[in-house]
Amino acid sequence: MFVNEFIKKNHAIISKYLKEKYSLDIDVKIDKATIPQWDFYSSIAMQLSKKLKRAPIDITMELSKLSFYGTGAVEAVKPGFLNFRVSKELLLKNLNGFSFSTDKKINKRVNIEFISANPTGPMNVVSGRAATFGLALSRLFQYDGWDVDKEYYINNAGNQVNIFANSIYKAYREKVKGEKVEFSEDEYKGEYIYDIAEHFKDKIAELGDEEEIINFLKKKAVTLIIDDNKKMLSGFGLDFDIWFSESSLYEKGYDKDVLLHLKEKDLLYEKDGALFVKNTELGDTQDWVLRKGTGEYTYFFGDIMYHLDKFRRGYDKAINIWGPDHQGSAKRLKILLENAFDIPRDFLEIIILQQVNLLKDGEKLKVSKRLGNFITLEEILEKVGTDVSRFYFLSRGYKQHVDFSLDTIEKENENSAVFYIQYMFARINGVLIKGNFDNKVEKLNKLGENERNMAFKLFIFPLLMSEALRKREPSMVIHTLNELAGDFHHFYHDNKIIGSNDEEHLINFIKIIGNFIKNSLNLLGFNAPERM
RNA sequence: ACGCCCAUGGCUCAGCUGGAUAGAGCAACGGACUUCUAAUCCGUAGGUCGCAGGUUCGAAUCCUGCUGGGCGUGCCA
């Protein structure tokens, strides 16, 4: 990638000069310029000013006389910036050699787990945000050469599944049998519970015995939900590589392993009938329950087994994308894994994806799966389709709280910026179709002034991608694509392509840009429609 | 009380391992379709970057304190 070469070589040129002339061993930074006239800059002179006891502008002037790599122009300007403009030749070279390949392999495996919830209800808006973010993040890792497994953890071993099954049975008794039943606070009473009861009513009637019915529902209703979720997510453009079920951990005997290990480390004790782990000894603020007085294991215990399993599966890294309501679990889990199981500190990374606030008539809505008053992913997709909803979630940083209502997303459908970007590709295709051009990309041998902004964005694309990956922030890519689309629409407006004196060149140029935007959109999980 | 996150034009957000005039989109106003799709383009207006200090050549960006909002601190999940 030429951009790295550009930075590295010029960095070396300045460093070498400073070392030879002034015996200074200093880290020279070359950054992307913040003003549009220039591409890169270094503020090294201002840092050297004190050391050399000279005005920064003098030093900059001196440095500007060096011969740099790949620059079209170099400027020394007050108070002491050294500005660079990348040469057209280098930009051209980059365009001609541009490939959007994800063939790069760095021989590292990462497991990215997201959405993961109790299999007791349909996919909702919050899952939609997690799905969008998780997919985009895994694509960034892939682009960087990682082997990525996207994983969905099914919490099917806990008490919620019991409650879920019981709720369905109650719904059955109420709806089908006409009995009067009371739902307790922690039971599920959404409409979909009644639908499931309806769905299984024949089988339930056939079984008759309550215990058998509950056992049946625990299995079948959960499977029903999971299949439904799978289908839903697939329609959303997301296919997980691994669906990992919590119950498999117990089947593998991990519970015994973990307990034995902790016991050997003398990290367990019983109190009031419950089993505690001594997290305080490991630097936590309190100890935590692993097994309740009822004999059931806590989620925390499940998480320990689960992440130990991930580690044993040989990943170099595991990333969890969790909601803010789980932030408390993150700390205690990491402390225990690192100190009691010797799992390296940077193995597990927990990203807290901020919450989605549901609004109705401008008021915040208190939602819960138990009350069944959430907005499902299905509803959203019916209203606005995948691209718009995806874009809505992905265009803001993961730390941002997102307000969501069916009204706002409908408004989004009228003027979502995703269309602005997609329209760029559609326009390019329109030209190619209209002019009957093939897909073959020929070598460009020049670069017009209007094309330069776009060429430069492609030039620094590798920087952007590594930055976005480092920050775990796919939204950065979206913002750049948006800017690129702006450049293009401007260019398109100013240039009549077909029939122009420069037709061959312009066609070639838009082919390259078109391929780029299509690949970028696809990378983040968006469609690139040829017509709109 | 403690911990995590957030605060940037009317609205939604960029910009944050310090840099040169704080950028987009929506909404408002004024223009541009006999043209390769106007889902577009051009122009106007709109900001004491929550407040107060500090660090320095330079702070929206880093540090401290405060204010306001969200979440967390369960033998809930």
What is the base-pairing partner of [N], counting Watson-Crick and G-U wobble geometry with both distances under 3.5 Å?
N     : result
B:C26 : B:G10
B:U21 : none
B:G3  : B:C71
B:U56 : none
B:G47 : none
B:U37 : none

Round to a whole Å and report the spacing from [atom1] of [X] to [atom2] of [N].
X        : N     : atom1 : atom2 : value
A:Tyr299 : B:C75 : OH    : P     : 16 Å
A:Asn413 : B:U12 : CG    : P     : 20 Å
A:Lys78  : B:A20 : NZ    : P     : 18 Å
A:Ile335 : B:U73 : CD1   : P     : 15 Å
A:Asp387 : B:A39 : CG    : C1'   : 14 Å
A:Arg332 : B:A77 : CZ    : C1'   : 10 Å
A:Asn320 : B:C4  : CG    : P     : 20 Å
A:Trp322 : B:C76 : CH2   : P     : 18 Å

Distances under 3.5 Å between protein N/O atoms and the N/O atoms of nucleotides 34-36 of chain B, please, pair by pair.
residue: B:C36; atom: O2; partner: A:Ile498; partner atom: N; Å: 3.1
residue: B:C36; atom: N3; partner: A:Ile497; partner atom: N; Å: 2.9
residue: B:C36; atom: N4; partner: A:Tyr492; partner atom: O; Å: 3.0
residue: B:C36; atom: N4; partner: A:Asn495; partner atom: O; Å: 2.0

From the list [options], which nucleotide is the closest neighbour of the side chain of [X]?
X        : options             : value
A:Gln37  : B:C57, B:A20, B:U21 : B:U21
A:Glu467 : B:A7, B:U17, B:G72  : B:U17
A:Gln160 : B:A14, B:A77, B:U37 : B:A77
A:Tyr41  : B:A77, B:A20, B:C13 : B:A20
A:Lys292 : B:C76, B:U40, B:A39 : B:C76
A:Arg396 : B:U12, B:G19, B:C75 : B:U12
A:Phe81  : B:C42, B:C76, B:A20 : B:A20
A:Asn415 : B:U73, B:G19, B:A27 : B:A27

Should [X] and [Y] count as an ion pair when the cut-off is N to O under 4.0 Å?
X        : Y        : value
A:Arg470 : A:Glu467 : yes
A:Arg291 : A:Asp255 : no
A:Glu349 : A:Arg472 : yes

Within the modelled atom types, does a donor on one side and an acceptor on the other bring the side chain of A:Thr34 and the base of B:G19 under 3.5 Å apart?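 Answer no: no donor N or O sits under 3.5 Å from an acceptor.
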Side-chain-base donor-acceptor pair under 3.5 Å for A:Asn83 and B:A20: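 Yes, the side chain and the base share a sub-3.5 Å donor-acceptor pair.
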What pairs of nitrogen or oxygen atoms, one from the protein and one from nucleotides 67-70 of chain B, lie under 3.5 Å apart?
residue: B:G70; atom: O3'; partner: A:Lys364; partner atom: NZ; Å: 3.4
residue: B:G70; atom: O2'; partner: A:Gln355; partner atom: OE1; Å: 2.8
residue: B:G70; atom: O2'; partner: A:Gln355; partner atom: NE2; Å: 2.8

Any chance you could measure A:Leu464, atom CG, to A:Phe459, atom CZ, to the nearest 0.5 Å? 14.0 Å
A:Lys331 or A:Gly328: which one's nearest nucleotide on RNA chain B is closer to the 5' end?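 Its nucleotide being nearer the 5' end, the pick is A:Lys331.
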Given RNA chain B, 5'-ward residue of the pair A:Glu473 and A:Lys399, judged by closest heavy atom: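 Of the two residues, A:Lys399 wins.
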Does B:A14 have OP1 or OP2 under 4.0 Å away from a side-chain N or O of A:Gln400? yes
Side-chain N or O of A:Tyr423 closer than 4.0 Å to phosphate OP1/OP2 of B:A38: yes
Counting only heavy atoms not in [X], do more than 12 fall under 6.0 Å of its [atom1]?
X        : atom1 : result
A:Glu410 : CD    : yes
A:Glu182 : CD    : no
A:Asn439 : CG    : no
A:Lys170 : NZ    : yes
A:Asn501 : CG    : no

Aromatic ring proximity, centroids under 6.0 angstrom, A:Phe425 and A:Phe526: no
With a 6.0 Å cut-off on the ring centroids, do A:Phe133 and A:Phe114 count as close?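 Ring centroids of A:Phe133 and A:Phe114 are no less than 6.0 Å from each other.
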N-glycosidic conformation, B:C11 - syn within 90 degrees of 0, else anti: anti
Quick check against the 3.5 Å criterion: does A:Ser49 have a side-chain atom that pairs as donor or acceptor with the backbone of A:Arg54?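 Checking the backbone N and O of A:Arg54 against the side chain of A:Ser49, a donor-acceptor pair under 3.5 Å is found.
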Pi stacking test for A:His489 and B:A39: under 5.5 Å apart, planes under 30°: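 Ring-base stacking flag not set for A:His489 and B:A39.
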